[in-house]
Asker: 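There's a structure below that I have some questions on.
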Amino acid sequence: MMPLEQRFVAARKSAIAAEYNHLNPMQKEGVLCTEGPLLLLAGAGSGKTTVLIHRIANLLRFGRGSDSEELTMPINEDAIELLEQYAENPQPENRPLMEYLCAVEPARPWEVLAITFTNKAANELKERLTRMIGEEAARDVWASTFHSACVRILRRDIDKIGLSKDFTIYDTDDAKHLIKDCLKELSLEEKSFPPREMLSVISNAKDAMMSPQEYAKRADSMGDWRKQRISKVYSLYNRKLWDANALDFDDIILHTVRLLQSSPETLAYYQRKFRYVLIDEYQDTNHLQYLLAHLLAGGYENICVVGDDDQSIYRFRGANIENILGFEKDYRRARTIRLEQNYRSTQHILDAANAVIRNNQGRKGKTLWTNNGAGDVVTLKTCFNESDEANFIVGQIMMNYHRGANWKDHAVLYRMNAQSNALEYAFKRNGVPYKIFGGMKFFDRAEVKDMLAYLCVINNPADDLRLRRIINVPARKIGQASVDKAQVIATEEGASLFDVVKKATQYPELKSASVKMESFAAMIAEMQEALDGADLIDYYGLVCEKTGYTAMLQEKDDMESRGRLENVEELASSIHAFLENDPENPTLAGFLDEVALYTDLDDSSDSDNCVVMMTVHSAKGLEFPQVFVCGMEEGVFPGNRAMSEDEEMEEERRLCYVAMTRAKEKLTMTNARQRMLFGRTTPNMPSRFLKEIPDGCMEWLSKPEPRPERHWSDDYSDFGSFSYTGSIDVSYESRKPREKPKLESVRKASPASQELPNLQPGQSVQHSAFGKGMVLSVRPMGGDALIEVAFDGIGTKKLMLKAAIDHLKLI
DNA sequence: ATCATAACGCTTTTT
DNA sequence: GCGTTATGAT
């Protein structure tokens, strides 16, 4: 290349780079490396999404301008000088000319595919993209989850592999029901063939692209009786899916891969279309997703995978960490960029986290650092038991609150949902507002599922599973036995259950139920007709009414039914939200698609000021100023199952690393010497992960030994920084469940036997944390009382009077 | 058909 | 220890 051209190419890259001067050098590199395979190892809090967004924006503005020596026009000194100057000191008025000079085949929005794992991530990507490049361009970028991208592809071309385009999607719950049906039909015991396990075996088989026939063959050749049975389940399960014209979540990916593998035109179409492919959270991909990514990116091989091997925590659901560890082997010309500067946490927190994760073998290796300063040391705290632990955490949080912190600046993380009970109790007693994530989700509620089932049946009458769910809800005198009979007939005739129900009176064995069945079918048919051209919201109202579902709830008229009615109505707002979002397919079928893949439309509540509690898994990707990780004990975190297997232990360690790196300012980790879990109290050693944290970045507070008890007398000697005062804390003396008198003495130790005011419903009160409110109810409980107070602008809180009394004033 | 009692079993979770 | 589920009784 001529020197002039070399100078131009260099100046071009510098000028483009100048557009990203607010990024650090590694981030910039990630944005500018547009061509060929790229592995972006993005540590926790390293600004990964920022890089992703800017990278896409860069592709759309400059194409391969920053990563190619290609010239698009004759060049001269002036052009070079302008770019060199721009790189030195970017002037906005020169930007249009600079863009013109630097762009090399800028990507068009629809040529960019950005895949994420969750809808939340996809939406965040779309939002930030919209803000940066404008709505028009952002709309055409394919930013979606694996599953929605695949559904989009399948809706277009699935008929090429012999399936119908109007397939239904079965979620895990549906799949489980289907498995149960299969087991019943094969007369297999659920005890020896747990549906959960069946589902996971089938999922693994699909991930390995093993058909039921292949699975059966393998089972036969091994002579494994159980596997042979499972192969029957797998086979029947798949047949039922086929009959219902349904795909489960694995099928969505599997069939897309099969489609791309078997239809050269389809493959060529997408490979030509997607000039740039980006995969987020690559460490979480399973084998099928890995294949899919490679197929889609196989044309230009401009594949950029982003992820963090140290945050791979979904092995149990098929994630294969080898995908990210082996990326450089898959693509010999791959470039690797490490983002190790952390913008989230203090150095002490990072030192602790780095020290823990360093003990893993299977990793690429990264060391996070920050400019944020050393900050507070990590606090480790050993508590007596889980309620002591919960009280400690609540106490710390209340202390912070009184110093001006927000409740929502605090997060309590745990390994298992079961651990949340003790915490919840402590928060409730102290009147601290909290929110537990990971409970029942909106779309998991029975009433919501019922209404969706109605819509599904209307949309696809062959959906036996959903039909059976709602055929007698509300009660229509169509009993289980009659439905079973009709199902048998349907199977014999090779028809769908709905077909039989429709002409039920032709089958004498259905007896009196047959009339009810036919009128049910008539109702569904009537609604199918009404669908044509109707407004979806109105239509939903019609379905609620015609099915008698709302009437059923209105009649019951108790607290529960009211809530359920609200949820049924709330589904209308989901439909509304769906339509607002200007979907490409604003029909009932389109809505059902979205709902099937989109389970958290309703998590709109980061607005309320609450302490949040969740599992470490659900905390991934989030951050909080104050983080408490509790249950740091051998057998809990790491969990018992990890003890025997190295791979599992490494996953637990990664999980611990994820937990620690959620903290921005202060990290506190607690362990309890004994914990009641699943109804049994067991003594637990402090987690090995705590031992891995170096002295320099932590302090270890500890309750004094309550009493030289059998299981706790020794074994702490190898904990260098463990200190014992040797004195006995009387208030914690043997709080064993059976020793009633002692328990009473503990109660007394808390601010107790003071005079309780005679509160009446209707009384106005002032609370130091929640402000003004009105007492709704007072329920005496022991020597205490549970009061319910409606606080202005906050909502209703339940408080234990004794605990809340110091914060309450009558007004 | 609907309610009651007993028995089980139990990481983590998204699509 | 608790919530879910299966089975049996009315």
Side-chain angles (χ1 to χ4, degrees), chain A residues 115-122 144-151 169-176 180 184 189-191 194-197 199-200 203 206-207 247-254 256 280-281 284-286 288-289 292 312-319 386 413-422 424-425 437-441 443-444 446 472-483 513 593-600 603 614-621 631 635-643 648 651-652 654-656 658-659 675-681 737:
Chain A
I115 297 230
T116 61
F117 259 86
T118 64
N119 292 298
K120 203 173 149 218
S144 65
T145 63
F146 271 106
H147 293 266
S148 38
C150 286
V151 167
I169 299 165
Y170 274 8
D171 66 20
T172 318
D173 203 51
D174 301 321
K176 206 159 142 197
K180 287 185 178 178
K184 209 175 275 175
E189 292 281 336
E190 278 190 27
K191 271 186 197 156
R196 271 177 69 101
E197 194 196 329
L199 232 33
S200 113
S203 179
K206 286 185 177 177
D207 194 42
L247 304 190
D248 67 17
F249 287 135
D250 294 313
D251 286 339
I252 291 174
I253 315 282
L254 174 63
T256 310
D280 194 14
E281 306 283 14
D284 289 337
T285 49
N286 64 25
L288 277 178
Q289 290 158 338
L292 180 72
S312 171
I313 56 172
Y314 285 111
R315 200 169 95 106
F316 67 93
R317 66 181 198 212
E386 76 278 355
L413 310 182
Y414 35 80
R415 178 68 240 269
M416 295 177 286
N417 286 117
Q419 290 171 254
S420 67
N421 276 336
E424 183 169 16
Y425 184 62
F437 282 77
M440 257 277 189
K441 299 227 180 75
F443 285 95
D444 291 337
N472 200 33
V473 182
R476 296 191 178 89
K477 301 272 171 67
I478 304 175
Q480 190 63 54
S482 315
V483 177
D593 251 9
E594 179 120 332
V595 163
L597 299 175
Y598 206 130
T599 43
D600 50 359
D603 65 331
M614 62 181 90
T615 63
V616 180
H617 279 94
S618 16
K620 192 178 154 205
V636 177
F637 198 178
N640 264 327
R641 295 196 177 40
M643 294 305 172
E648 281 294 321
E651 176 121 339
E652 294 283 313
R654 291 192 289 267
L655 199 52
C656 181
V658 168
R675 173 180 304 273
M676 186 167 63
L677 215 49
F678 306 133
R680 217 188 288 294
T681 301

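In what follows, every chain begins at residue 1, and chains take the letters A, B, ... in the order their sequences are listed. The figures here come from the full heavy-atom set of this structure, side chains too, leaving out hydrogens, waters and symmetry mates.
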Asker: How many whole angstroms separate atom CG of Leu288(A) from atom P of dT15(B)?
Answerer: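 Nearest whole value for this atom pair: 17 Å.
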Asker: Can you list everything that forms a side-chain contact (heavy atoms from CB on, under 4.5 Å) with Gln480(A)? Sequence neighbours excluded, please.
Answerer: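 Counting only residues at least two positions away or on another chain, Gln480(A) forms a side-chain contact (heavy atoms from CB on, under 4.5 Å) with Asp484(A).
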Asker: Would one find a side-chain N or O of Asn119(A) under 4.0 angstrom from OP1 or OP2 of dT15(B)?
Answerer: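 So the side chain of Asn119(A) is within the cut-off, an N or O lying under 4.0 Å from OP1 or OP2 of dT15(B).
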Asker: For dT11(B), does the glycosidic angle fall within 90° of 0 (syn) or outside that (anti)?
Answerer: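 Syn, since the glycosidic angle lies within 90° of 0.
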Asker: May I have the distance from His147(A) (atom NE2) to dT14(B) (atom C1'), rounded to whole angstrom?
Answerer: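 Rounded to whole Å, this separation is 7 Å.
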Asker: Could you tell me the separation between the NZ atom of Lys206(A) and the P atom of dT15(B), rounded to a whole number of Å?
Answerer: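 Distance check: Lys206(A) NZ to dT15(B) P gives 19 Å.
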Asker: Expressed as a whole number of angstroms, how long is the span from Glu190(A):CD to dT5(C):P?
Answerer: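 For the pair Glu190(A) CD and dT5(C) P, the rounded distance is 10 Å.
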Asker: Holding to side-chain contact (heavy atoms from CB on, under 4.5 Å), I want the full list of residues that pass it with Lys176(A), two or more places apart in sequence or in another chain.
Answerer: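 Lys176(A) satisfies side-chain contact (heavy atoms from CB on, under 4.5 Å) with Pro195(A), Leu199(A) only.
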Asker: When the distance from NZ of Lys184(A) to P of dT5(C) is rounded to whole Å, what number comes out?
Answerer: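 Result: 13 Å.
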Asker: Could you pull out the protein-nucleic contacts involving nucleotides 3-13 of chain B (nitrogen or oxygen on both sides, under 3.5 Å)?
Answerer:
residue: dT11(B); atom: OP1; partner: Arg641(A); partner atom: NH2; Å: 2.1
residue: dT12(B); atom: OP1; partner: Asn417(A); partner atom: N; Å: 2.8
residue: dT12(B); atom: OP1; partner: Asn417(A); partner atom: OD1; Å: 3.4
residue: dT12(B); atom: O4'; partner: Arg415(A); partner atom: NH2; Å: 3.4
residue: dT12(B); atom: O2; partner: Arg415(A); partner atom: NH2; Å: 2.5
residue: dT13(B); atom: OP1; partner: Thr615(A); partner atom: OG1; Å: 2.6
residue: dT13(B); atom: OP2; partner: Asn417(A); partner atom: OD1; Å: 3.3

Asker: Go through the structure and list residues passing side-chain contact (heavy atoms from CB on, under 4.5 Å) with Ala513(A), not counting sequence neighbours.
Answerer: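 Only Ser482(A) meet the side-chain contact (heavy atoms from CB on, under 4.5 Å) criterion with Ala513(A).
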Asker: Check whether any side-chain N or O of Asn119(A) sits under 3.5 Å from a backbone N or O of Leu597(A) as a donor-acceptor pair, and report yes or no.
Answerer: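 It does hold such a pair.
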Asker: Reading DNA chain B from 5' onward, which residue's closest nucleotide shows up sooner: Asp250(A) or Gly479(A)?
Answerer: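 On the 5' side of the pair lies Gly479(A).
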Asker: What is the distance from CG of Asp173(A) to C1' of dT4(C), rounded to the nearest Å?
Answerer: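 Taking atom C1' of dT4(C) as the reference, CG of Asp173(A) is at 13 Å.
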Asker: Quick one: sort the His617(A) and Tyr314(A) rings into parallel, tilted or perpendicular, breaks at 30° and 60°.
Answerer: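 Ring orientation of His617(A) relative to Tyr314(A): tilted.
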Asker: From NZ of Lys176(A) over to C1' of dT5(C), roughly how many Å is that when rounded to an integer?
Answerer: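 Atom-to-atom, Lys176(A) to dT5(C), this comes out as 10 Å.
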Asker: Could you tell me the separation between the CG atom of Asp593(A) and the C1' atom of dT15(B), rounded to a whole number of Å?
Answerer: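 Rounded to whole Å, this separation is 13 Å.
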Asker: My understanding is that only residues two or more places apart in sequence, or in another chain, count here; which of them pass salt bridge (Lys or Arg N to Asp or Glu O under 4.0 Å) with Glu190(A)?
Answerer: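 Glu190(A) satisfies salt bridge (Lys or Arg N to Asp or Glu O under 4.0 Å) with no other residue.
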Asker: Please name all residues satisfying ring-ring contact (aromatic ring centres under 6.0 Å, His included) with Tyr414(A), sequence neighbours left out, ordered by chain then number.
Answerer: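 Counting only residues at least two positions away or on another chain, Tyr414(A) forms no ring-ring contact (aromatic ring centres under 6.0 Å, His included).
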Asker: I'd like the P distance from dT5(C) over to dT12(B), given in whole Å.
Answerer: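 So the two P atoms sit 15 Å from each other.
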